[in-house]
Amino acid sequence: MMELNLFDTYRREVVSFDPVNLSEVGLYSCGPTVYDYAHIGNLRTYLFVDTLKRVLSFNGYSVKHVMNITDVGHLVSDGDTGEDKMEKGARLQNLSAWEIAKKYEAHFFEDMHQLNIQIPTIVCRATEHISEQIEFIKVIEEKGFSYKTNDGIYFDTSKLEDYGHLARLDVKGLKAGARIDIADKLNITDFALWKFSGKTARQMEWESPWGKGFPGWHIECSAMAEKYLGELFDIHVGGEDHIPVHHSNEIAQSQAKNKTRMANIWMHGYFLQIDNEKVAKSGKSITLSELVKKGYDPLSYRYLTLSAHYRSRLNFTWESLQGAENALKRLRKLFVSFGETGTADEHYMSRFESLVNQDLNIPQALALMWEMLNSQLSPAAKKATLLHFDQVFGLQLASFSQMAERIPVEIERIAEARFQARQNKDWHLSDQLREQLTKLGYSIEDHSDSYKIKKI
Ligand SMILES: Nc1ncnc2c1ncn2[C@@H]1O[C@H](COP(=O)(O)OP(=O)(O)OP(=O)(O)O)[C@@H](O)[C@H]1O
Ligand SMILES: [Zn+2]
């Protein structure tokens, strides 16, 4: 087997992957905060995690992937101040925090499905692991790494010699230049482990040895990763914004309790940007269903993300999405035109493996795919090689049938009218149009904000 090399943010270098346990790789990725729709920036990070997982499987590893759902405790500001994003979402949308969590978690998995992202082995909600988080904080407290203020229990980052190593934080410099109010905190980098409910009534709160309240955002990942993957596992993943705060704090908690840095390799996906600004819920934001409504195939977005290396920022434009869609359509046409599949080509397979194993060089692997398609290989060999590559790309070529692209305009028109009727809650008209489609030999698969036409 060829060596697999991955970039470790902790060491700032490409390292050879050497799993803790050969029979199963332990992978943890930070999941969504379910107070709003995920935007395509968030989805870029989940696509990166999915590609990483596919590369691990491609190398013969079985992967235990754990992902959390943040449904409590993620405050509006990274500095442990401001409202809880869940409670704020609930207030703005006139739903309970629990309803908000349920609603957006369902939307999130819908997006995952549309992008052909494999579901993690274990999905764990923060609100369902409160006792594990309390136990974790208790040990941190016993070991002398915490202190109490008026509004909660805080982690004392000055107790660790190398706090912030992951981010190469200049803690002394931060202190000297501090202009922000650190309230009752002892150090600017200290963070909440448990927050008290205080005077304002909360929808989500629990009893604890320190009083009624809720966990800080970072403790859920340390506690749940340890529960499902142990004190030291293989790879921990998230977006680049997690490096200075969230992941630095996860590491601090696990160092205090277990004397480990949680994972041997820390990997980070870089931002999707629009006009060179981070795509963000509070700023420029586009959702997957907006792309679908404009007529794009979700997998075109997947293709677009494959065209940039995960450690470089990607600037989203509609032109680039259109380019990806054109490429994907061409790929599907070629795939179908090749007819029966044959034997994959050894030479291209080995070049492909060395590219994906070199810190996931997917853009070059994609270029290699086009080189192979334009080569002198037989159609049957091309098809087999393409299917081999698609284990990593995840473009679902194997299940793509020619029919998918040949929906008659008339059928599209009726389906769209039915979608509009559904949006207007005109159930009678919507049912009539569905019947009409069934008679014409088509069925509709409904999604929350879109639909898919299928030949019966
Ligand atoms: N523009 C972006 N490009 C790529 N990944 C992103 C982007 N914005 C956030 N992420 C990542 O998406 C994942 C989900 O994060 P989460 O649901 O907490 O959203 P968020 O960080 O609150 O998003 P936002 O900043 O838009 O409010 C995290 O791993 C985060 O690092
Ligand atoms: Zn996390």
ring-ring contact (aromatic ring centres under 6.0 Å, His included) assessment of F58 paired with F352: CA-CA 11 Å; F58 191 76; F352 182 80; 5.6 Å; yes
State, yes or no, whether a side-chain contact exists between [X] and [Y] at a heavy-atom distance under 4.5 Å.
X    : Y    : value
D50  : L115 : no
L387 : F335 : yes
D111 : Y46  : no
Y35  : K88  : no
L27  : L52  : yes
D8   : E13  : no
K138 : W210 : yes
L331 : F393 : no

Distance under 6.0 Å and angle within 45° of ring axis: [X] vs [Y]:
X    : Y    : result
K294 : W318 : yes
K257 : F136 : yes
K185 : Y154 : no

Tell me if the [atom1] atom of [X] is crowded by more than 12 foreign heavy atoms within 6.0 Å.
X    : atom1 : result
K454 : NZ    : no
R125 : CZ    : no
K102 : NZ    : no
E161 : CD    : no

Short side-chain to backbone donor-acceptor contact, [X] and [Y], under 3.5 Å:
X    : Y    : value
T121 : V66  : no
R168 : Y10  : yes
N42  : H39  : yes
R44  : Y270 : yes

Shortest non-hydrogen contact from [X] to [Y]?
X    : Y    : result
M86  : V34  : CE-O, 3.2 Å
G26  : F233 : O-CD1, 3.8 Å
A398 : D390 : N-OD2, 4.4 Å
N264 : V20  : ND2-CG2, 3.4 Å
T287 : I40  : C-CG2, 3.9 Å
A90  : I100 : CA-CG1, 3.7 Å

Could you give the distance from [atom1] ([X]) to [atom2] ([Y]), rounded to the nearest 0.5 Å?
X    : Y    : atom1 : atom2 : value
L6   : D18  : CG    : CG    : 11.5 Å
E207 : I134 : CD    : CD1   : 9.0 Å
K159 : D190 : NZ    : CG    : 9.5 Å
Q358 : Q364 : CD    : CD    : 10.0 Å
H268 : C30  : NE2   : SG    : 7.5 Å
S285 : E290 : OG    : CD    : 7.0 Å

Looking only at the side chains, is there a donor atom on one of [X] and [Y] sitting less than 3.5 Å from an acceptor on the other?
X    : Y    : value
Q118 : H65  : no
D71  : T127 : yes
Q93  : Y104 : yes

Could you work out, with ring-ring contact (aromatic ring centres under 6.0 Å, His included) as the rule, every residue matching Y147, not counting sequence neighbours? none
Test side-chain contact (heavy atoms from CB on, under 4.5 Å) on L321 and F316; report intermediate values, then the result. CA-CA 8 Å; L321 181 64; F316 176 85; 4.0 Å; yes
One pair to check against ring-ring contact (aromatic ring centres under 6.0 Å, His included): H129 and Y228. What are the steps and the verdict? CA-CA 12 Å; H129 293 78; Y228 296 109; 5.7 Å; yes
Could you go through the side-chain contact (heavy atoms from CB on, under 4.5 Å) check for Q255 and N258 one step at a time? CA-CA 5 Å; Q255 273 182 332; N258 301 325; over 6 Å; no
What's the verdict on side-chain hydrogen bond (donor to acceptor under 3.5 Å, both in side chains) for E220 and T70, showing C-alpha distance, side-chain angles and the deciding distance? CA-CA 8 Å; E220 67 182 67; T70 300; 2.8 Å; yes
Give the ring-plane orientation class for Y61 versus F17, where under 30° counts as parallel, over 60° as perpendicular and anything between as tilted. perpendicular
Tell me whether the rings of H218 and F191 are parallel (<30°), tilted (30 to 60°) or perpendicular (>60°). perpendicular
Should T260 and E231 be marked as a side-chain hydrogen bond (donor to acceptor under 3.5 Å, both in side chains) after you check the CA-CA gap, both sets of side-chain angles, and the distance that decides it? CA-CA 7 Å; T260 73; E231 293 178 3; over 6 Å; no
Give the intermediate values and the outcome of side-chain hydrogen bond (donor to acceptor under 3.5 Å, both in side chains) for residues N249 and Y163. CA-CA 8 Å; N249 294 348; Y163 172 78; 2.4 Å; yes
Would D162 and R261 count as a salt bridge (charged side-chain N to carboxylate O under 4.0 Å, His left out) if you check the C-alpha gap in whole Å, the side-chain angles of each, and the deciding distance to 0.1 Å? CA-CA 11 Å; D162 61 347; R261 61 172 146 110; over 6 Å; no
Would K195 and D84 satisfy salt bridge (charged side-chain N to carboxylate O under 4.0 Å, His left out), going step by step from the backbone distance to the final call? CA-CA 11 Å; K195 293 226 27 166; D84 184 323; over 6 Å; no
Would you please test Q391 and R54 for side-chain contact (heavy atoms from CB on, under 4.5 Å) and show each step? CA-CA 7 Å; Q391 292 172 59; R54 285 169 185 271; 5.8 Å; no
Could you give me the CA-CA distance, side-chain angles and deciding distance for H242 and W217, then say whether ring-ring contact (aromatic ring centres under 6.0 Å, His included) is met? CA-CA 12 Å; H242 285 346; W217 171 37; 5.6 Å; yes
D359, T305, T45 screened by side-chain hydrogen bond (donor to acceptor under 3.5 Å, both in side chains) with Y310, the one that passes: D359
From the list H247, H246, H165, ring-ring contact (aromatic ring centres under 6.0 Å, His included) with W266 holds only for H247
Would L160 and F145 count as a side-chain contact (heavy atoms from CB on, under 4.5 Å) here? Give the steps. CA-CA 8 Å; L160 283 173; F145 286 88; 3.7 Å; yes
